[in-house]
Amino acid sequence: MQNIIDQFANIIRAAAGCKAPLRICGGGSKEFYGNRIVGQNIDMLDITTYSGIVDYEPTELVVTARTGTRLADLEAELYKHRQMLAFEPPHFGSAATLGGCVATGLSGPRRASVGAVRDFVLGVRMLDGRGDDLRFGGQVMKNVAGYDISRLMTGSMGTLGLLLEVSLKVLPLPPMEMTLSLQMKEAEAIEKMNLWAGKPLPISATCFCNDALTLRLSGAEAAVRAAHAKLGGEEVAEGAAFWQSVREQTHIFFQPGKSLWRLSIKSTAPPLSLLGQQLIEWGGALRWLISDAEVGTETVRVAAKTASGHATLFRSGESSAAAFHPLAPEMMNIHRCLKEKFDPMGILNPGRMYPGL
Amino acid sequence: MHPLELVTNLRAFLPAEAVLYESEDLKPYECDGLSAYRQTPMIVALPQTEDEVIRILRICHTSKTPVVARGAGTGLSGGALPHPAGVLLSLAKLKRILEVDPVARTALVQPGVRNLAISEAAAPYGLYYAPDPSSQIACSIGGNVAENSGGVHCLKYGLTVHNILKLRVVTMAGESLEIGSASLDAPGYDLLALMTGSEGMLGIVTEIIVKLTPSPEKAQVVMAAFDDIRKAGNAVANVIGAGIIPAGMEMMDKIATRAVEEYVHVGYNLEAAAILLCEADGTAEEVADEIRRIDKIMRESGAIEIRTSRDETERLRFWAGRKAAFPAAGRVSPDYYCMDGTIPRKNLARVLGGIEKLSTEYGLRCMNVFHAGDGNLHPLILYDANLPGELEKTEEFGVKILEMCIEAGGTITGEHGVGIEKINQMCSQFSSGELKIFHAVKAAFDPEGLLNPGKAVPTLRRCAEHGAMHVHSGEEKFPELPRF
């Protein structure tokens, strides 16, 4: 396996030598996400050959895997030991890799109750823009030696380095899950989700769409049944399939071909009046907006900002659009400085996140 | 800039009592919780607003004066040790809780607010701030952010990094940054994670939005005694293996148990090689279910005695001993030196065996308390600083323990931070390429290196020279605080 790393390092050094951009690629399942890489004669750096689990001790609650590992394979291995990636990363295709999961930093339905990818990342091994093989963090839950580079790498869209291996905290599967459906209007659903999140209830996911609030309860059977009694609502028979459809965006709401906006805002923000249809997750903190092209980018960004958040053009017909919410100039300066330090020649996924990064 | 000129410039906008420079006024600031290191700062500044922080930093930036931030001064790694030619920036006066939003389950607080004060302000809404470092009655939230503080409940509820949403930060150049967001994520790089645990090296935090957690309905603890430390280690693995994430899981070895029993009289089993405390919290139904399962696992793992707390008083009593481990060490020995390594739990028996061997080799007793759930080990080396050469022996023993932690796949600091204390061990844990990246991160925020110089990340030159370590925690600055 070291020879593969040496190959990667050579590719990076060669690219740095002639300032030729590299496009880091795993399974390609999240190719649509983010901006198009800037530059000419872009070479692809395919990480899928560097795959496999390096270390997994279920009783340590830690798994370390190479980033080319298929996410599905990793989750299947965890499942054998009744454990999971608790942040429920979306795959968006069977080829999805661990590397893409961590680089995009996307989390699924359980995020509001347990945390995001970044909350579970314990350590990384990576190559920076000089091809140097570096390790940060580790395989332990608590580690305050040095700056938290592992989490900085998470969600950085491959612009700071090539992830080689990632150590993640894993959690046991809940003994029982139950999905409930309650009929109500949007404003009431937002109010209820926030109210219930403030109580010691085992709610592990929420979704509001089409005047129906769907909730998932996870935990000990007695606790789940007691919570059902408190909350009411109809039990949904195909609960697991429902959450899978929300996680993978195969739910009917996510019609292909239209622009999909992701608004990450304060959970208590009242219903947003924007042209199009919305689906709410994460207890009100995540609002998906499907709209035809006529809803203006500026309108969506302002609405998100007003609700103390930000908006991402998650999927769009035009790839030239600026996907991510603009940063304040002083924040952009810090980003540019970091990029320059990690990737001095600016060859790793340039422009995928922001122009100049 | 001449000290008096700097004082004049600062007093132009700060009241006289907020700019200290007479040596008797500077004395209280000469060290933090790691009192073995002392250094008087040139000036202490005590701003009350973010605007004042900005103006102080701009003046220091222009005059190239080093700045060391300080919260409550309870840190255990010397992170707030002053710079002799610098300004010690105390954030203690920024101590207002600006807003508690019970519906959104967040609180907006200033950095000088005490950790426990947040939970107290949130309590009327059935909420609390989850990370509970043992010094929580005194330590400040700003310091918690700087150190990424944990607590006994962090396996289940996370560290500081998992429980904050947003920071306002002033850079050394005096520029304000908004990092993170009131929503669950923010665009761009995860600078919130980068700031957390950065030990005052990157910026000065002036405002924090913390997450609040619903208070559990109920908590109960199982206390199990084992005649073999390996059996206790296996019991921990068996609990986790059974799919249980306890709210807290703590272990003490025989020396520790005996020392604390003498001190607090809990009724611990004194013949046991190890005592495990395993707590369940949640709804009444969840707790009943989990306690039943934990009890069964402890039995099957070979516990020689098991007791379950019958009520809240007994639960707190079971914990009292564990929380008194540090003061108990202070009672049985004139001095003790607290280590803070983290190891993968599977290597516990090996590392403890190694510590025992070293203990015999150096002729120094060592008691072990262990955050068993997350692998964070606190060996307390007992010594007498008045005996010639004993401190040096202790330090050497400590270094060997840390090296053993690294070798076992762990880290030199789980929760106390690097500060000045473990700066040399950073050279053992990281390669020069990795240290270069740390310096690069520092330079992105503070290119002149004026914030907390000489802490957290060693220079490559220092690593090359790797000077001797001079550390001990014999005299704690806050002996009244529980340390665990």
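Since the model is a prediction, treat every value here as computed from it, not as a measurement. Naming: A, B, ... by sequence-line order, numbering from 1 per chain. When reading the values below, keep in mind they use all heavy atoms of this one structure, side chains included, and skip hydrogens, waters and symmetry mates.
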Give, as side chain, backbone, both or neither, the part of [X] having an atom under 4.5 angstrom from any heavy atom of chain B.
{"X": "Lys230(A)", "value": "side chain"}
{"X": "Ala145(A)", "value": "both"}
{"X": "Leu173(A)", "value": "neither"}
{"X": "Arg135(A)", "value": "both"}
{"X": "Thr268(A)", "value": "side chain"}
{"X": "Ala197(A)", "value": "both"}
{"X": "Asn333(A)", "value": "neither"}
{"X": "Leu327(A)", "value": "side chain"}

Most chain B-contacting option - heavy-atom pairs closer than 4.5 Å, from [options]:
{"options": "Val62(A), Thr159(A), Asp132(A)", "result": "Thr159(A)"}
{"options": "Met153(A), Glu191(A), Glu221(A), Lys199(A)", "result": "Lys199(A)"}
{"options": "Gly137(A), Ser150(A), Ser156(A), Ala223(A)", "result": "Ala223(A)"}
{"options": "Glu57(A), Lys169(A), Arg82(A)", "result": "Glu57(A)"}
{"options": "His325(A), Gln139(A), Met353(A)", "result": "Met353(A)"}
{"options": "Val224(A), Leu357(A), Asp133(A), Thr154(A)", "result": "Leu357(A)"}

**Request:** Would you please classify the geometry between the Phe324(A) ring and the Tyr354(A) ring as parallel, tilted or perpendicular, with 30° and 60° separating the classes?
**Result:** tilted
With chain A, which of [options] has the greatest number of heavy-atom pairs at distances under 4.5 Å?
{"options": "Ser176(B), Ala104(B), Ser183(B)", "value": "Ser183(B)"}
{"options": "Glu290(B), His439(B), Lys436(B), Glu286(B)", "value": "Glu286(B)"}
{"options": "Tyr157(B), Phe438(B), Phe445(B)", "value": "Phe438(B)"}
{"options": "Leu155(B), Ile244(B), Thr106(B)", "value": "Leu155(B)"}
{"options": "Asn148(B), Val441(B), Val457(B)", "value": "Val441(B)"}

**Asked** Within a reach of under 6.0 Å around CD of Glu177(A), are more than 12 heavy atoms found that belong to other residues, nucleotides or ligands?
**Response** yes
**Request:** Evaluate whether atom NZ of Lys346(B) has more than 12 neighbouring non-hydrogen atoms of other residues, nucleotides or ligands under 6.0 angstrom away.
**Result:** yes
**Prompt:** Taking it one step at a time, do Thr196(B) and Arg151(A) satisfy side chain to side chain contact (heavy atoms under 4.5 Å, CB included)?
**Reply:** CA-CA 10 Å; Thr196(B) 313; Arg151(A) 291 195 169 91; over 6 Å; no
**Message:** Out of the candidates Leu435(B), Val418(B), Asn424(B), only one should pair with Pro458(B) under the side chain to side chain contact (heavy atoms under 4.5 Å, CB included) rule; please name it.
**Reply:**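 The residue from Leu435(B), Val418(B), Asn424(B) that satisfies side chain to side chain contact (heavy atoms under 4.5 Å, CB included) with Pro458(B) turns out to be Leu435(B).
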Can any side-chain N or O of [X] pair as donor or acceptor with the backbone N or O of [Y] at less than 3.5 Å?
{"X": "Glu199(B)", "Y": "Gly419(B)", "result": "yes"}
{"X": "Ser167(A)", "Y": "Thr64(A)", "result": "no"}
{"X": "His162(B)", "Y": "Asp119(A)", "result": "yes"}
{"X": "Thr342(B)", "Y": "Asn143(A)", "result": "no"}
{"X": "Asn163(B)", "Y": "Leu159(B)", "result": "yes"}

**Message:** Less than 4.0 angstrom from a charged side-chain N to a carboxylate O is my criterion; do Arg118(A) and Asp185(B) meet it?
**Reply:** no
**Asked** Should Ser267(A) and Asn194(A) be marked as a side-chain hydrogen bond (donor to acceptor under 3.5 Å, both in side chains) after you check the CA-CA gap, both sets of side-chain angles, and the distance that decides it?
**Response** CA-CA 7 Å; Ser267(A) 64; Asn194(A) 279 286; 2.6 Å; yes
What part of [X] gets within 4.5 angstrom of chain A, counting heavy atoms only: side chain, backbone, both, or neither?
{"X": "Glu175(B)", "answer": "side chain"}
{"X": "Ile437(B)", "answer": "side chain"}
{"X": "Leu212(B)", "answer": "neither"}

**Item:** Minimum heavy-atom distance between Trp282(A) and Ala112(A), given as atom pair plus value
**Value:** CA-CB, 3.7 Å
**Fill in**
Smallest heavy-atom separation, Val117(A) atom then Ser107(A) atom, equals N-OG, 3.0 Å
**Prompt:** Do you see a donor-acceptor pair shorter than 3.5 Å between the side chains of Thr283(B) and Glu285(B)?
**Reply:** yes
**Complete:** Taking a cut-off of under 4.5 angstrom between non-hydrogen atoms, the residues of residues 336-344 of chain A near chain B are Cys337(A), Leu338(A), Lys339(A), Lys341(A), Phe342(A)
**Message:** The test is side-chain hydrogen bond (donor to acceptor under 3.5 Å, both in side chains); show your working for Glu421(B) and His416(B) and say whether it passes.
**Reply:** CA-CA 10 Å; Glu421(B) 187 199 22; His416(B) 294 170; 5.7 Å; no
